[in-house]
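Every number for a ligand or one of its atoms is a count from 1 in the order of the listing.
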Amino acid sequence: EPKNPLRTTDPGTIEMLKVAQENKLETVFDRFVAQQPQCGFGYKGICCRICLAGPCRVKAEDGPASRGICGATAYTIVSRNLVRMIAGGAASHSEHARHVLHTAHELVEGKTKDYEIKSPEKLHKLAEKLGIETLNRDNMEILGDVTELAYEDFGRYKDRPAAFLDSFLIEQRHNKFLNTNIMPRNIDGTVTELMAQTAQGVDADPVNIIFGGLKGSLADLVGEYIGTNLSDVLFGIPEPIVSEANLGVIEEKMVNIAVHGHNPVLSEMVVGAARELKAEAQKAGAEGVNIVGICCTGNELLMREGVYLATSSASQEMAILTGVLDAMVVDIQCIYPSLTQLCDCYHTKMITTEAIMKVPGAQHLAFNSETAMEDAKKLVRIAIEAYKRRDPKKIALSKTRNSLVAGFSIEALTDIFGKINPERPFSVLTDAILSGQIKGVVQMAGCNNLKRQQDESHVAILKELVKNDVFVVATGCSAGAFAKMGLMNSEAVEEYAGEGLKSFIRQLEEANPQLSTKLPLVFHLGSCVDNSRGMDLVQAMAKELGVDTPKVPFAASAPEAMHEKAVAIGSYCVSMGIPTHVGTMPYLEGSDLIYGIATQIAHDVFGGNFIFEVDEKIAAQKILNALEYRSWKLKIHK
Ligand code: SF4
Ligand code: FE2
């Protein structure tokens, strides 16, 4: 039973939940309760619906009822279900990437005038990494070759590894993935193969299925590398930036537009359009247009533009309950279809923008890169119109907003560390680990999942880690949780960091007087596709230490994993040799064998493994143990 009947620990959400209760408005928190108890077979992963002879359930320990009609056993059913989630995750991240890629391609073809190469520096760095000639070449020509190669990564039929993975790998991981046969040569083919492999009457071998899944997870990473890098080229490399988070950033005097989902291609334009249409908003009686972000679209804009982060996934509905949100503009992923139900009770306009993402009751405005700015202006004007129809009786503002510092791309971290050691920036991090000043690095990621109290696990694990001198980087709604709670700023360093971490962060600040801000307790790496930045980080550390990734004191944690994308991310983290904590159980407890593969055998083969632990204190301890073991081994070998 929850300690807090509200099922959230986020103060902004608690304020708004009272409004929902007073007005008898249904939210995700009610629906979660209404779903209890959830299906035990589904929970354990032993319900198979892959063919029409089913659904089959594993109902007994042995005998005919211990298998599906076709004879599939628990381990086959569990592993198939699990890797199909990875296929779903890889498809999601790569569709996001494909959209960014199409936009870059349209730019090369001269079909859009609204985008530009915002960071030629990143373009050159990326091209060099990919082995594309840059000397004496025009930027557009270089980008043309980069997009060509990225398209090949989606559909390559020749037997060579996907470039947007392989070029980012250290040699040891490259060899490991080739030797274990999980190196993907493309994205689309890998996802299709995984669906075919797990169809009725195909693969029944759980190890082979899981390895297929790991290949799928690496295809997911290909998509993330494309998404992150091309977004940096088009919209700029994130740099340290200050902003604010939580529902209090939705301001009464402004026309408020929430941009929600994952893809920066549209939302970056909305930010531009909002600046241009300020006068129109003022004519309508507002002071201007206030863009606020939700989920990863929010993270993308926060990282590059300093746009306020209104809230994260489980509390997305709450933005509407303020009564002053004029438009909810969504792109893809993690968007609750229930949003329209709440918009109906308010003046708020809900607008979908992507061909594969429509919701009954929402207005659809197809967004095209050729007419990007025009489309974005239409969206802003819809919000200005809606602003005039606000109902003053329904206004219930949140008072919660916290300051934050975000924008820590690998380039930004390299600059910061480079002020101490310009030749070997990442030695600053690894030396601090070897000297015992900090214990290691943890990448916190993932969603909200109401099986836990919203954000409680993110926050509890973070506090435990930083108290024990762990350097924490964060992405997605985990970063969102910290931002909303005021844990992503300098005051939080004072309050929560252990002495070692505190001295490390202060040392970085002293070496970086050019920064206009002090450094935060936890370093925001970006959106969910930017988990790829974390893979760059762990490999930079490995290079610095002269070891493979399984020896680096680096761990990952997704305390409230929810989406299929999180299953894919967790799986590539394990393939990358990282101990990976997950705080909400994936559907695998129906097979001890699969549980064993995920937690033990994976470790023997890849050096990384899943740590499934729902208790925050114990989870933090297990993560700390994993770090400590690795640094202890490093120190005796130095
Ligand atoms: Fe049942 Fe086998 Fe069909 Fe699954 S694939 S539904 S276990 S018959
Ligand atoms: Fe996300």
Output yes when [X] and [Y] qualify as a salt bridge under the 4.0 Å nitrogen-oxygen rule, no when they do not.
{"X": "R452", "Y": "E616", "value": "yes"}
{"X": "E224", "Y": "K565", "value": "no"}
{"X": "D232", "Y": "R533", "value": "yes"}

Open item on the list: Taking L379's backbone N and O only, do any of them form a donor-acceptor pair with D375's side chain (distance below 3.5 Å, no angle check)?
Closed with: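 No; judged by distance alone, with no hydrogens or angles, the pair does not exist.
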Open item on the list: Could you check whether H262 and D331, counting side-chain N and O atoms only, form a donor-acceptor pair closer than 3.5 Å?
Closed with: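 No.
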Do any side-chain atoms of residues 54-69 form donor-acceptor pairs under 3.5 angstrom with protein atoms, and if so which ones, sequence neighbours left out?
residue	atom	partner	partner atom	Å
S66	OG	G63	O	2.6

TODO: Count, excluding waters, the protein N, O or S atoms that are closer to atom 2 (Fe) of ligand 1 than 2.8 Å.
DONE: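 Number of qualifying protein atoms: 1.
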